[in-house]
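Basis for what follows: all heavy atoms, side chains included, without hydrogens, waters or symmetry-related copies.
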Amino acid sequence: MIISNKPVQYLLVTLLALTSSINFASTSVDSVSVKHDDVELAAEGHGTTSEHGKTVGHDVEKEFNASELINSHIGDAHDFHIADWNGHAISFNLPVILWTNNGLEIFSSEKFHHDNEGHHVVDINGQKVVRYKEVIFYADKFEEMTKEERDNGAFAFDARPLDFSITKNVFSMLMSAIVLFFLFFAVARSYKNNPNAPKGLAGFLEPLVTFVRDEIAIPNIGTKKYGKYMPYLLTIFFFIWVNNLIGLIPFFPFSSNLTGNIYFTFVMAFITFVVTTLSGNKNYWGHIFNTPGVPVWLAPIMIPVEIIGMLTKPFALMIRLFANITAGHIIILSLVSLIFIFKSIAIGPVAGAFVLFMSVLEMLVAALQAYVFTLLSALFIGQAVEEHDHH
């Protein structure tokens with residue numbers, strides 16, 4: 001197999017452009033801080049008054065909120081929070097890409113100054129926007145919204161621009177796609193140079209490819225048609241597996257929760273639904289619209305039931321992957337939170353031991369969920385292409 005070097009060149013150029021967009025804005029962007037009234041802490045007993053009459057507030061320890069910690073880690077974001085140093089957050093800022101009333105606008109998420117509560121206003125060529133719980137709103141529309149409307153703001157399309165930003169999950173998806181591209185590109189070159197006895201990376205991946213073929217594709221789709229769907233099955237198996245593993249690594253540039261995002265699992269399940277539907281033969285559609293062995297007068301009942309069955313299959317795929325991956329992340333983060341909830345170092349070794357156990361278990365779940373998603377996709381495709389013997 002001969003692969004041109006041009007795709008690699010295009011990929012490198014794309015990465016270079018992405019890197020430059022992270023550090024520089026493509027439009028003239030000014031930051032404007034929302035002015036807040038000073039709070040007289042002295043009136044509440046939280047501060048003292050100096051000889052010049054100014055209120056001097058003392059640092060008040062904020063109560064630890066486990067739910068806030070968990071939601072921030074399993075949710076998507078416009079930047080990677082790496083660490084805190086001397087009270088300042090160290091982040092890797094990603095490009096914000098918005099389609100506003102004035103057209104396309106691109107700038108760095110650094111302009112929000114780590115604000116995620118709608119306090120800091122960013123001026124984009126005359127348009128003011130704020131960020132609230134990782135949703136970007138027009139500032140004037142945001143001020144008119146209630147707390148409930150802001151919390152459900154992802155669906156307030158009239159109050160926010162369309163967001164096509166490179167978020168943590170998008171960054172992770174692109175990174176995993178690049179990793180898989182170079183991985184299998186190297187394997188292809190290995191087979192080209194030594195087609196008889198694969199070594200190294202090719203020797204490691206060959207049993208996995210053979211497993212998908214012999215244990216998933218052939219038993220569920222059949223020996224005659226499995227080859228047509230092998231590229232898709234291999235893609236979703238390795239793509240989901242790699243992204244599951246990326247989500248288990250707790251530091252930059254990993255730590256995203258892509259496969260625990262229901263939008264991602266919806267798209268993956270929808271692709272399987274499209275492939276299954278387009279592959280359906282006359283026997284498949286005949287079973288749906290003319291169920292064998294069922295009286296004709298039951299057709300008005302059976303047809304809707306069969307159509308609902310078509311939709312519940314991808315729905316089960318979507319929920320299963322989303323729920324299992326998200327549950328694992330929540331359990332690990334909850335165990336870590338116990339240290340801060342009890343405020344005792346004695347909890348550390350116990351929580352650490354359970355976190356280690358769960359992390360190892362999640363590595364197994366990462367491979368298992370990739371296998372289950374691929375297996376069920378092959379099963380649904382096999383049902384659509386199955387040929388019935390007529391005697």
Side-chain angles (χ1 to χ4, degrees), residues 10-36 71-143 150 153-154 156-157 159-178 246-247 249-258 261 263-264:
Y10 295 153
L11 188 59
L12 293 177
V13 172
T14 303
L15 286 176
L16 182 61
L18 176 60
T19 303
S20 63
S21 68
I22 292 173
N23 298 316
F24 303 99
S26 65
T27 57
S28 176
V29 181
D30 296 323
S31 298
V32 181
S33 297
V34 177
K35 185 177 180 180
H36 295 280
N71 289 332
S72 65
H73 279 75
I74 67 174
D76 202 0
H78 288 87
D79 51 26
F80 281 90
H81 182 267
I82 300 174
D84 289 312
W85 183 262
N86 290 332
H88 299 285
I90 302 175
S91 300
F92 182 78
N93 300 299
L94 297 170
V96 177
I97 306 173
L98 304 177
W99 183 264
T100 68
N101 295 329
N102 293 339
L104 184 65
E105 304 287 355
I106 304 176
F107 59 96
S108 173
S109 61
E110 182 184 8
K111 299 299 179 181
F112 288 108
H113 292 185
H114 308 290
D115 174 56
N116 201 25
E117 297 297 329
H119 300 320
H120 193 83
V121 178
V122 176
D123 191 319
I124 318 171
N125 294 331
Q127 290 189 115
K128 294 180 173 59
V129 296
V130 296
R131 183 174 64 179
Y132 179 77
K133 294 185 177 180
E134 298 302 336
V135 179
I136 298 175
F137 297 92
Y138 294 115
D140 54 345
K141 298 285 187 180
F142 181 77
E143 293 297 329
R150 293 175 180 179
F157 298 108
R160 67 181 187 88
L162 295 179
D163 194 348
F164 300 97
S165 303
I166 307 297
T167 61
K168 283 175 57 176
N169 286 340
V170 176
F171 180 88
S172 176
M173 182 173 59
L174 294 175
M175 181 174 63
S176 61
I178 293 170
I246 286 176
I249 304 174
F251 52 81
F252 176 80
F254 309 101
S255 75
S256 64
N257 185 33
L258 179 62
N261 186 295
Y263 300 113
F264 173 81

Subject >> Nearest heavy-atom neighbours spanning His114 and Ser91 >> reply: CE1-OG, 3.1 Å

Original post:
Who are the salt bridge (Lys or Arg N to Asp or Glu O under 4.0 Å) partners of Lys133, not counting sequence neighbours?
Top reply: Asp151

Original post:
Looking only at heavy atoms, which two atoms of Leu94 and Lys168 are closest? And how far apart?
Top reply: CD1-N, 3.6 Å

**OP:** Please name all residues satisfying ring pair (Phe, Tyr, Trp, His ring centres under 6.0 Å) with Phe142, sequence neighbours left out, ordered by chain then number.
**Re:** Tyr132, Phe137

Subject >> Which atom of Phe107 lies closest to which atom of Ile124, heavy atoms considered >> reply: CE2-CD1, 3.1 Å

Original post:
Do you see a donor-acceptor pair shorter than 3.5 Å between the side chains of Asp76 and Thr167?
Top reply: yes

Subject >> Side-chain donor or acceptor of Ser109 paired with backbone N/O of Val96 under 3.5 Å >> reply: no

Original post:
Closest heavy-atom contact between Trp99 and Tyr138?
Top reply: O-OH, 4.5 Å

Subject >> Listed partners of Asp163 passing side chain to side chain donor-acceptor pair (under 3.5 Å), at least two apart >> reply: His78, Ser165

**OP:** Any chance you could lay out the side chain to side chain contact (heavy atoms under 4.5 Å, CB included) test for Glu134 and Asn116, step after step, and finish with the verdict?
**Re:** CA-CA 6 Å; Glu134 298 302 336; Asn116 201 25; 3.4 Å; yes

Subject >> Arg150 side, atom CZ; Arg160 side, atom CZ - distance, nearest 0.5 Å >> reply: 15.5 Å

Subject >> Met173 backbone acceptor or donor facing Ser176 side chain under 3.5 Å >> reply: yes

**OP:** Indicate the ring-plane relationship of Phe80 and Phe171, choosing parallel, tilted or perpendicular according to the 30° and 60° boundaries.
**Re:** perpendicular

Original post:
What distance separates Ser256 OG from Ile249 CD1, expressed to the nearest 0.5 Å?
Top reply: 9.5 Å

**OP:** Could you tell me which non-hydrogen atom of Pro250 sits nearest to which non-hydrogen atom of Ser255, and how far apart they are?
**Re:** C-CB, 3.9 Å

Subject >> Atom pair CG (Leu104) and CG (Leu162), whose distance is rounded to the nearest 0.5 Å >> reply: 11.0 Å

Subject >> CZ-CG distance between Phe264 and Leu258, expressed to the nearest 0.5 angstrom >> reply: 4.5 Å

Subject >> For the student: nearest non-hydrogen atoms of Glu110 and Asn93, plus distance >> reply: CB-ND2, 3.4 Å

Subject >> Nearest-0.5 Å distance, CG of residue Leu174 to CD1 of residue Ile166 >> reply: 6.0 Å

